[in-house]
Amino acid sequence: MAKDSYLVGLIGAGIGPSLSPALHEREADRQGLRYLYRLIDIDVLGVGPEAVGELLRSARDTGFDGLNITHPCKQLVIEHLDALSPQAEALGAVNTVVFEDGRAVGHNTDVTGFAASFARGLPDVPLEKVVQLGAGGAGAAVAHATLTLGAERVTVVDALADRAADLAASLNRHFGDGRATHATPDRLPELLAGADGIVHATPTGMAAHPGLPFAAELLHPGLWVAEVVYRPLETELLRTARAIGCATLDGGGMAVFQAVDAFRLFTGREPDSARMLADIAELAGAVGTPK
């Protein structure tokens, strides 16, 4: 039976600037729901990512309806769940947990969120050779999305070589041999020189992790740049890329479309994505427009 009161939250590190509470609560208000979205910041609590299991249990025991999960807990949370959606299982990463009938069920709305944002913001860019920087929880999701969108080949780059290799192997199992390969960051100069675009899926550029994920001189005008970070909307990477003429996509659209799917999972109600895109534009500036 549908209800009209919800308690949800977000577990992650350095999440104080998150716009998720405002996105969810504004849409809930318009739908006449009582909806409280709490931040559970492990940095503020002074605990490590491995505390996600205890935080999950506490939330379930205190009556939460569900949780969003972000960096660095999207993979660590899995061992504490009772079930996974097929997509979350395929990805090995969870960003949404729904508590239902005493069980904690993990989902991943990052894939559909990134795909919807990319199709909207960079609809006509070439997708022959794509480089992706970052093979963590968000990285798995956006790599799946990029291949689903029609990328011919994705090269996964990560400082942790095993992590990049594991993700590439997983992608090849799902999409076919040769669709994904992996490399270490020292190969970025040659990879970006011949790439159509780069998807950035590490925390670098977030409010809590400022800076560029690689040397600015590796960018060139023929490269499109898609960002996963959404707070701030204009990361140093996007600002640098736009300055030299790259087509770019900020992380705001992904944030909205994954929130749309999470809201639906938490409440069973259909959110209005157009209204939520307007919300994030107001909260953080224009979203998802290639420049």
Side-chain angles (χ1 to χ4, degrees), residues 12-15 68-75 87-88 90-95 108-118 121-122 125 127 129-149 151 153-168 170-171 174-175 179-185 187-188 191-192 195-214 218-219 223-238 240-241 246 248-255 257-258 288:
I15 55 176
N68 283 134
I69 310 292
T70 192
H71 175 80
C73 302
K74 290 182 181 183
Q75 291 159 315
Q87 193 158 68
L91 289 170
V94 162
N95 78 327
N108 195 299
T109 68
D110 284 330
V111 178
T112 49
F114 183 79
S117 177
F118 195 98
L122 290 173
V125 295
L127 289 168
K129 295 180 182 177
V130 177
V131 175
Q132 178 176 302
L133 183 57
V142 298
H144 273 252
T146 303
L147 286 166
T148 300
L149 287 162
R153 172 177 285 231
V154 172
T155 301
V156 180
V157 178
D158 198 281
L160 300 175
D162 288 350
R163 188 161 74 164
D166 288 347
L167 177 54
S170 172
L171 293 168
H174 284 93
F175 293 95
R179 298 291 299 282
T181 185
H182 61 93
T184 48
R187 290 192 55 213
L188 275 175
L191 289 171
L192 292 183
D196 294 311
I198 180 166
V199 179
H200 174 238
T202 84
T204 303
M206 288 172 61
H209 306 275
L212 277 172
F214 54 84
L218 299 187
L219 293 166
L223 198 68
W224 55 258
V225 180
E227 176 70 90
V228 171
V229 172
Y230 81 94
R231 189 67 187 262
L233 274 178
E234 186 175 71
T235 60
E236 191 172 341
L237 174 61
L238 291 185
T240 305
C246 298
T248 63
L249 179 74
D250 64 45
M254 179 182 178
F257 288 112
Q258 66 82 18

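Quick note: numbers below take in every heavy atom, side chains included, and nothing from hydrogens, waters or symmetry partners. Start at 1 with the first residue, then count along the sequence.
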Exercise. Compare all side-chain heavy atoms of Val228 with those of Met254 and state whether any distance is below 4.5 angstrom.
Key: yes
Practice problem: For the pair Val225 and His200, evaluate side chain to side chain contact (heavy atoms under 4.5 Å, CB included) and give the outcome as yes or no after the intermediate values. | Solution: CA-CA 8 Å; Val225 180; His200 174 238; 5.6 Å; no
Quiz item: Going through the checks in order, is the side chain to side chain contact (heavy atoms under 4.5 Å, CB included) test met by Thr204 and Phe214?
Solution: CA-CA 10 Å; Thr204 303; Phe214 54 84; over 6 Å; no
Quiz prompt | Closest heavy-atom pair and its distance - Ala143, Leu171 | solution = CB-CD1, 3.7 Å
Practice problem: Determine, stepwise, if the pair Thr181 / Arg153 fulfils side chain to side chain contact (heavy atoms under 4.5 Å, CB included). | Solution: CA-CA 8 Å; Thr181 185; Arg153 172 177 285 231; 3.9 Å; yes
Exercise. Hey, could you give me the CG/CD1 distance between Leu237 and Ile198, rounded to the nearest 0.5 Å?
Key: 7.0 Å
Exercise. Mark yes or no for whether Gln132, through its side chain, and Gly139, through its backbone, hold a donor-acceptor pair below 3.5 Å.
Key: yes
Quiz prompt | Atom pair CZ/OG1 of Phe175 and Thr148 - distance to nearest 0.5 Å | solution = 3.5 Å
Quiz item: Should Thr109 and Asn95 be marked as a side chain to side chain contact (heavy atoms under 4.5 Å, CB included) after you check the CA-CA gap, both sets of side-chain angles, and the distance that decides it?
Solution: CA-CA 7 Å; Thr109 68; Asn95 78 327; 3.0 Å; yes
Quiz prompt | Taking every non-hydrogen atom, the tightest pair across Ser170 and Ala90 | solution = OG-O, 3.9 Å
Quiz item: Mind checking whether Val154 and Leu147 have side chains closer than 4.5 Å, heavy atoms only?
Solution: yes
Quiz item: How long is the gap from CE on Met206 to OG1 on Thr235, to the nearest 0.5 Å?
Solution: 11.5 Å
Quiz prompt | Proximity of Phe114 and His144 rings by center, below 6.0 Å | solution = no
Exercise. Look only at the side chain of Ser117 and the backbone of Gly113, and say whether a donor-acceptor pair between them is shorter than 3.5 Å.
Key: no
Quiz item: Does His209 have any ring pair (Phe, Tyr, Trp, His ring centres under 6.0 Å) partners at least two apart in sequence or in another chain, and if so, which?
Solution: none
Quiz item: Could you give the distance from OG1 (Thr248) to CG (Leu223), rounded to the nearest 0.5 Å?
Solution: 11.0 Å
Self-check item: Point-to-point distance, once rounded to the nearest 0.5 Å, from NE2 of His182 to CZ of Arg163
Solution: 14.0 Å
Exercise. Identify the heavy atoms of Ala141 and Val111 that sit nearest to each other, and give their distance.
Key: O-CG2, 3.6 Å
Quiz prompt | Between CG on residue Asp250 and CG on residue Leu233, distance to nearest 0.5 Å | solution = 4.5 Å
Practice problem: Measure across Tyr230 and Gly252 and return the closest heavy-atom pair with its distance rounded to 0.1 Å. | Solution: CB-N, 3.7 Å
Self-check item: Nearest non-hydrogen partners of Ala183 and Ala164, listed with the distance
Solution: O-CB, 4.4 Å
Quiz item: Which heavy atom in Leu249 sits nearest to a heavy atom in Phe118, and how many Å separate them?
Solution: CD2-CA, 3.7 Å
